[in-house]
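The shown structure was predicted, so the numbers you read here are calculated from the model rather than taken from an experiment.
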Amino acid sequence: MGNRVKGKENPNPSKPSNTRDGPPNANSAASARTKKKNHAGLDASFIGRSACVRQLQITLKDFRRLCILKGIYPREPRGRAPKRSKGQVLYHIKDIKSLAHEPILQKFRDFKTFMKKIRRAAGRYEKDEAKRKYRDNAPELTLHHLVKERYPRFVDALEDLDDALALVHLFAALPSQGRILVKTTTKAKELAAAWGAYCASAHCVTKSFISVKGVYFEAVVMGSTTVRWVQPHNFTQYMPKDVDYRVMVTFFDFYEVLLGFVLFKLYSDVGVRYPFTNTERDDGRSSTVLAAHLKALRRDRRTAKNAVMEAIAAPPTDNQTENNDDGDDGKKDNENTPAETKANKKKTEELFSTINTALEKVKDDVNDDPKTLDSDDETDAMDISAPLKAALESMAEEEDAATSHDLKTRLDDGAAKRKALFAKLTFFLSREIPRGYLELVILSFGGKVGWEGDDSPIHATDPSVTHHVVDRPKLPDSLKSLPKSREFVQPQWIVDCANFMYLLPVKKYAVGRELPPHLSPWVNDDEEGYKPRYKEEVEKLISGEIDADAVDVEESEDEGVDAVTAVDKKVSKDGDESSSDEDSSDDEEEEEQDEIEVEKKQEQKRKKAEDEAKDLAKLMMSKKAKRLYGRMQHGLAEKRAAVDVLQKKREDIEQSKKKDDVTGKSYNKMKVERLKEKRKDIEKLYEKSAASAKKKKSKRRKTKGVVGNE
């Protein structure tokens, strides 16, 4: 038969021309093959929690702890949920595979076998042996590799520091009971204090806000990264029973290691060794952990200089004098002694270099004074320590100035401005003031702070105190004897000045005065569409439109002048009415009314034209654009309604504070008096009705008695 000729029709159209006898195509067989269950799609990508526990062969408690430490959380599938696991907690299969190779998993298993030995010893009544084993042989869990794995860059760790700081400050405020151990709360206090000490020394805190939950802070670390956390109030915390504190402790274990890394890096950049060697908290000299860490920070900056000073001031020993007398023998002895470490060599080199420079200064002084050359050798040996000390002290002062200059150059423009806000102010906190957050704010903005206590650097009677912070309804008599140069303010003044970056007038924050509204620094007034009145006033003060002294004078004079102004207004009104002519006043009123009517008509025309233009634009829109436009208008209408509510509240408050021209009383007070009068009238009516009811009852009784007698 052969192939058909090109161009001719196929005589048998049911049979294709290029068919070949043989096996079917391999691709068609693969497509026809059925897929195995749970090997493709969402079922193969996600796995339930119970399956994860079976696969890893650990308990649910250890699995939850492992997921927290590794940073693995449940996921929701983007599409539909798998049929076999609706309403179930799902994890990605890749996350579970990474958990299977985690070294901590082996530590959990080792700890499980170790606890079996402890329970076996306790079951044999060998409690001392069990305690010794648990103390000496318990497997230790290290989380350093997890921090390096989850945060490969230092900036990543700083950006994820918000939750860590919030939890650490929460544990610092919690009592030590139940699963929260004493060492946990102590470590939390130390970490919170170390963070506060760094923020205070580097002037990082930019914003703060006092709320019901606690005090919110915001700091800019390393010039770019913004960190925000909340510090609870120093009250007795309520411990709810429905909270799983094991989960919180697991989070704290990881955040403790993370904060240790971050603080070490931050302090090493400043040139301070962290952790501090001794915070002096155990000695009882510091009343708060923050004050103790600030002392340790200042002390560690001067450790090298103090060590040199002590070494010079100490008298030379006999061995040192013998070594100095025979130099060759000393060299031989040094060759026979064991080799010194690199650290000791460094210290000795620094020590000798400082001593040499100090001796050169002393030689210059001695050459200038010829009287010192006539003294004996013994007097020279005794007097050499004093000039050496003076020379070393001058060197230390020069180094201090150099380091302070370096710190100034390290600070960015924002930190330098914050440091200059309270630079010339000294604060003293009364005993009722919560020191924690106020001390941090004052030190971050360059101020000096003192408090009532033995460890306070500033005494209450110190004349350098410019602001005395008191939180009482009335100034006590004991504080009135203090110097008159200081201002007595409430704690909110410090926070408001820090938020506005401006020293506000003290008059509104005086002791016993009603405080102005405490505004949040994170609210964007332009987006909200409403700006509070106090913020407008402060902005005018900062821009120079209003003088602060003039505001204080107006506030002080308002109360005394109100009655006089009311009488003056009344008299002036009467005089104006008697002097003005009736005809001229009528003409002016008619002209004003005509102008108002013309303006109203013009406004109506404009609104009508705008509405017609909007309707035409809507007609040209597609259905999708109309829906989007409707949602936008709905959101704008809700925002406008909220702004209208705030404006109405503001008008009501201002109206209630206004005073009547005739009586001189505020409208709020007049309203209260009016309500009291109405209540009295109602009570009188009630008394009358009750008396008439009693009379009717007595009449009924009398009539019944008369009828009965008849």
Side-chain angles (χ1 to χ4, degrees), residues 169 172-173 192-193 196 199-200 203 205-219 229-236 287-291 294 418 421-453 456-460 462 464-476 478-480 482 485-522 532 534-535 538 541 548 552:
H169 282 86
C199 290
H203 309 284
V205 178
T206 56
K207 298 175 184 177
S208 54
F209 179 71
I210 305 169
S211 69
V212 179
K213 291 183 179 180
V215 185
Y216 289 85
F217 289 98
E218 184 179 290
W229 73 96
V230 58
Q231 179 179 336
H233 293 294
N234 195 13
F235 299 143
T236 303
S287 56
T288 60
V289 187
L290 178 59
L294 284 168
R418 290 191 291 271
L421 182 65
F422 293 154
K424 298 179 181 178
L425 304 182
T426 305
F427 297 86
F428 189 85
L429 308 179
S430 296
R431 57 184 176 83
E432 72 275 3
I433 301 297
R435 271 181 53 197
Y437 67 91
L438 282 180
E439 188 178 358
L440 177 58
V441 173
I442 291 168
L443 293 173
S444 297
F445 286 84
K448 297 177 183 177
V449 61
W451 53 87
E452 291 187 7
S456 174
I458 300 166
H459 197 262
D462 196 336
S464 64
V465 175
T466 57
H467 292 78
H468 199 116
V469 186
V470 182
D471 193 9
R472 300 187 189 185
K474 188 181 177 182
L475 192 67
S478 59
L479 299 179
K480 292 179 181 178
L482 294 173
S485 59
R486 64 183 66 186
E487 297 281 354
F488 292 94
V489 294
Q490 298 188 45
Q492 187 183 327
W493 182 82
I494 298 170
V495 182
D496 286 352
C497 290
N499 289 336
F500 286 112
M501 282 297 294
Y502 183 77
L503 294 178
L504 299 170
V506 185
K507 197 77 175 179
K508 289 188 176 182
Y509 298 88
V511 179
R513 289 285 300 269
E514 185 181 351
L515 289 169
H518 184 49
L519 304 175
S520 173
W522 290 285
Y534 184 63
K535 192 165 187 180
V538 172
L541 276 171
D552 293 341

Should R431 and W451 count as side-chain neighbours, where that means a heavy-atom distance under 4.5 Å?
-> no

Do W522 and E218 meet the criterion of a side-chain donor-acceptor pair at a distance under 3.5 Å?
-> yes

Looking only at heavy atoms, what is the nearest atom pair of S485 and V465, with distance?
-> OG-O, 4.5 Å

Taking atom CZ of F428 and atom OG1 of T466, what is their separation to the nearest 0.5 Å?
-> 12.5 Å

Heavy atoms of other groups near H518 NE2, more than 12 under 6.0 Å = yes

Pairwise distance NZ(K213) to CD(Q231) - rounded to 0.5 angstrom = 16.0 Å

Check: Y502 and C497 side chains under 4.5 Å, non-hydrogen atoms | no

Atom OH of Y509 and atom NE2 of H467: how far apart are they, to the nearest 0.5 Å?
-> 12.0 Å

Tell me, please, which residues at least two apart from V538 pass side chain to side chain contact (heavy atoms under 4.5 Å, CB included).
-> F500, L504, Y534, I542

Are any non-hydrogen side-chain atoms of P532 and L519 less than 4.5 angstrom apart?
-> yes

V441 and S208 have their tightest heavy-atom pair at CG2-OG, 4.1 Å

Distance col, row R435:CZ vs N234:CG, nearest 0.5 angstrom, shows 11.0 Å

Is the shortest heavy-atom distance from the side chain of V449 to the side chain of I458 under 4.5 Å?
-> no

On a heavy-atom basis, the closest approach of R472 and P476 is NH1-CG, 3.3 Å

Can you see which heavy atom on P516 is nearest to which on K508, and at what distance?
-> CD-O, 3.8 Å

Going through the checks in order, is the side-chain contact (heavy atoms from CB on, under 4.5 Å) test met by H233 and V215?
-> CA-CA 7 Å; H233 293 294; V215 185; 4.0 Å; yes

Tell me, please, which residues at least two apart from P521 pass side chain to side chain contact (heavy atoms under 4.5 Å, CB included).
-> K207, F209, N499

Do the side chains of T426 and D462 get nearer than 4.5 Å, heavy atoms only?
-> no

Using only heavy-atom distances, determine whether the side chains of H203 and R418 contain a donor-acceptor pair under 3.5 Å.
-> no

Go through the steps to decide whether V511 and K474 satisfy the test side-chain contact (heavy atoms from CB on, under 4.5 Å), and finish with yes or no.
-> CA-CA 6 Å; V511 179; K474 188 181 177 182; 5.8 Å; no

Sub-4.5 Å side-chain heavy-atom contact between L425 and L503 | yes

Which atom pair, heavy atoms only, marks the closest approach of S444 to C199?
-> OG-O, 3.6 Å

Distance (rounded to the nearest 0.5 Å) between R513 CZ and Q490 CD = 9.5 Å

Please work out which of the three classes, parallel, tilted or perpendicular, describes the rings of F427 and F422, given edges at 30° and 60°.
-> perpendicular

Could you check whether the rings of F217 and W229 sit parallel, tilted or perpendicular, using 30° and 60° as the cut-offs?
-> parallel

Taking the side chain as every heavy atom from C-beta outward, state whether I210 and Y437 have any pair of such atoms under 4.5 Å apart.
-> yes

Grab the two heavy atoms, one from K480 and one from L475, that are nearest each other, plus how far apart they are.
-> CE-O, 3.8 Å

So do the side chains of V469 and P491 get within less than 4.5 Å of each other, counting heavy atoms only?
-> yes

Examine the side chains of S430 and H468 and answer whether a donor and an acceptor come within less than 3.5 Å of each other.
-> yes

